[in-house]
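Any value given below was found using the heavy atoms of this structure, including those in side chains, with hydrogens, waters and symmetry copies removed. Counting starts at 1 for both ligands and their atoms, following the listed order. Note that the structure is predicted; figures quoted are calculated from it, not measured.
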Amino acid sequence: MTGGAGFLGSHVCEALLRNGEEVVCLDDFSTGTRANLAHLEGHRGFRLLQGDVAAPVTAEVEAAQVDAIYNLACPASPAQYQADPIRTLKTCVFGAATMLEFARSRGAAILQASTSEVYGDPQVHPQPEHYVGHVNPIGPRACYDEGKRCAETLFFDYRRQHGLSVKVARIFNCYGPRLRPGDGRVVSTFIVQALLGQPITIHGDGRQTRSFCYVSDLVTGLLALMRTPDAVTGPMNLGNPAEIPVAELAEMVVRLTGSRSRPVFLKAAVDDPRQRRPDITQARQVLGWAPSVPLEEGLLRTIAYFDRVLAGGEGAAAGRAMA
Ligand code: NAD
Ligand code: UDP
């Protein structure tokens, strides 16, 4: 597992250990934290290694017994992946290349955490996997979008050239406990602003849409994809098709927190996709998977988490948070 100290990765680590698997996690803690995994560090089947996924594999990683790799290492929040775009691109591309070569040397299956961002600002709605996307290759989001697209290319080239067992998940906006309060993503930002009684910062007119998937649903989908036969490669959309405009999300968060915060409308983000909603027909048919946690329920659980974080400090709540 790479990127296991992050939001999504920490829940994947937990789920794998719950299933009796052993997990070696590689993370550089650039956007994730040890606190996210503190509750797992004493676990017999768990090892945490610090390192850069884009660098050559170290002796410590080389020594690990591995039969399946989840490649999640990469910043996912636009604010964070745009802060050092060259590093983001290298993480996406060199990280994928390094892990694919490592998987090949072990005969291991490898799953890529790809993204709905490969569709860019989509002109087909909802987005099925065969839609090739609409990405600006030179804009500020490109380090992530094109990085993830190139990583997908590498995955399918390793499949064609070396017969590697690859699985590519295209993940749509996911939320839940262990999002970082200051990471800039919309759900964590709105909840923290609402709990602190600050203005809710809507970028643009708020009519742009997203479709939010609760983390436990997403993790179930990722594990199911990894368990599929060799012939199942994806790319496969994983997300919740329930679509909502950002301004409505703001209203919902304010209502669920009982906050007196009011929205403020700021400049729209450059190249911000206007709409996003997954077509999950393939995941339903191949995995028998569909999300089950409605947005309000997932938000209430996430609000409870941020309540604890703001009351006791991130470290205190981060480790204990269960989806
Ligand atoms: P996150 O930022 O919380 O976690 C990413 C983890 O990767 C962090 O622990 C970070 O320290 C680590 N990392 C970053 N660069 C690294 C590097 N060069 N070497 C080693 N470790 C590195 O993000 P997340 O939301 O948990 O996302 C996890 C993965 O899922 C990412 O690949 C992301 O692109 C993908 N994804 C997430 C979402 C979502 O909504 N959360 C949507 C689409 C795709
Ligand atoms: N957004 C917003 N206010 C914020 C953060 C984000 O209005 O404080 C908007 C953002 O412009 C985008 C949507 O919310 O339209 C989702 O943003 P996020 O950064 O969570 O993820 P994205 O889907 O863009 O990768």
Short N or O distance, [X] and ligand 1, threshold 3.5 Å exclusive:
X: Arg185; value: yes
X: Pro75; value: no
X: Gly4; value: no
X: Ala54; value: no
X: Thr31; value: yes
X: Ser116; value: no
X: Gly6; value: yes
X: Thr115; value: no

Report the part of [X] (side chain from C-beta onward, or backbone N, CA, C, O) that has a heavy atom under 4.0 Å from ligand 1; answer both or neither where that applies.
X: Ser114; value: backbone
X: Lys148; value: side chain
X: Lys90; value: neither
X: Phe7; value: both
X: Asn173; value: backbone
X: Tyr175; value: neither
X: Arg87; value: side chain

Between [Y] and [X], does any NZ, NE, NH1 or NH2 come within less than 4.0 Å of an OD or OE carboxylate oxygen?
X: Glu146; Y: Arg149; answer: yes
X: Arg255; Y: Glu296; answer: yes
X: Arg106; Y: Glu62; answer: yes
X: Arg301; Y: Glu297; answer: yes
X: Asp28; Y: Arg87; answer: yes
X: Asp183; Y: Arg178; answer: no

Identify the protein heavy atom lying closest to [atom], giving its residue, its atom name and the separation to 0.1 Å.
atom: atom 1 (N) of ligand 2; answer: His203 ND1, 3.5 Å
atom: atom 14 (C) of ligand 1; answer: Ser30 OG, 3.3 Å
atom: atom 5 (C) of ligand 1; answer: Cys74 O, 3.2 Å
atom: atom 9 (O) of ligand 1; answer: Asp27 OD2, 2.6 Å
atom: atom 26 (O) of ligand 1; answer: Leu8 N, 2.8 Å
atom: atom 31 (C) of ligand 1; answer: Leu72 O, 3.1 Å
atom: atom 13 (N) of ligand 1; answer: Asp28 OD1, 3.3 Å
atom: atom 13 (C) of ligand 2; answer: Val246 CG2, 3.8 Å
atom: atom 21 (O) of ligand 2; answer: Asn173 ND2, 3.6 Å
atom: atom 40 (O) of ligand 1; answer: Cys174 N, 2.8 Å

Subset of ligand 1 atoms that lie under 4.0 Å from at least one heavy atom of [X]:
X: Gly51; value: 19 (N), 20 (C)
X: Phe29; value: 11 (O)
X: Ala5; value: 9 (O)
X: Gly32; value: 8 (C), 9 (O), 10 (C), 11 (O)
X: Asp52; value: 17 (C), 18 (N), 19 (N)

When you measure from atom 43 (C) of ligand 1 to each heavy atom in Val187, Ile171, Thr88, Thr33, which option holds the nearest one? Ile171

For [X] and [Y], does a side-chain donor sit closer than 3.5 Å to a side-chain acceptor?
X: Gln208; Y: Gln275; result: no
X: Asp230; Y: Ser165; result: yes
X: Tyr175; Y: Asn240; result: no
X: Lys167; Y: Thr233; result: no
X: Tyr158; Y: Glu101; result: yes
X: Glu14; Y: His39; result: yes
X: Glu243; Y: Ser211; result: no
X: His125; Y: Gln127; result: yes
X: Asn173; Y: Arg276; result: yes

In the structure I gave you, are the side-chain heavy atoms of Arg180 and Ser188 within less than 4.5 Å of one another anywhere? no

Arg141 vs Asn136 side-chain heavy atoms within contact, under 4.5 Å: no

Quick one: does Pro78 get within less than 4.0 Å of ligand 2, heavy atoms only? yes

So is Thr201 polar-close to ligand 2, meaning N/O to N/O under 3.5 Å? yes

I'd like to check whether Asp272 has a polar contact with ligand 2, where a contact means an N/O of the residue lying under 3.5 Å from an N/O of the ligand. yes

Taking non-hydrogen atoms only, is [X] closer than 4.0 angstrom to ligand 2 via side chain, backbone, both or neither?
X: Val186; value: both
X: Arg141; value: side chain
X: Gln208; value: side chain

For Phe94, look at atom CZ and say whether over 12 heavy atoms of other residues, nucleotides or ligands are found less than 6.0 Å away. no

Can you establish whether the number of heavy atoms outside Glu22 located under 6.0 Å from its atom CD is more than 12? no

With atoms numbered from 1 as shown, which atoms in ligand 2 lie under 4.0 angstrom from a non-hydrogen atom of [X]?
X: Glu117; answer: 25 (O)
X: Arg185; answer: 19 (O), 20 (O)
X: Ile202; answer: 7 (O)

Evaluate side chain to side chain contact (heavy atoms under 4.5 Å, CB included) for Leu218 paired with Phe172, printing each intermediate quantity in order. CA-CA 9 Å; Leu218 205 280; Phe172 284 62; over 6 Å; no

Is there a path of hydrophobic side-chain contacts, each under 4.5 Å between heavy atoms of I/L/V/M/F/W/Y residues, joining Tyr81 to Phe7? no

Decide salt bridge (Lys or Arg N to Asp or Glu O under 4.0 Å) for Arg274 and Asp205; before the verdict, give the C-alpha distance in whole Å, the side-chain angles of both, and the deciding distance to 0.1 Å. CA-CA 10 Å; Arg274 292 296 306 164; Asp205 60 14; 3.5 Å; yes

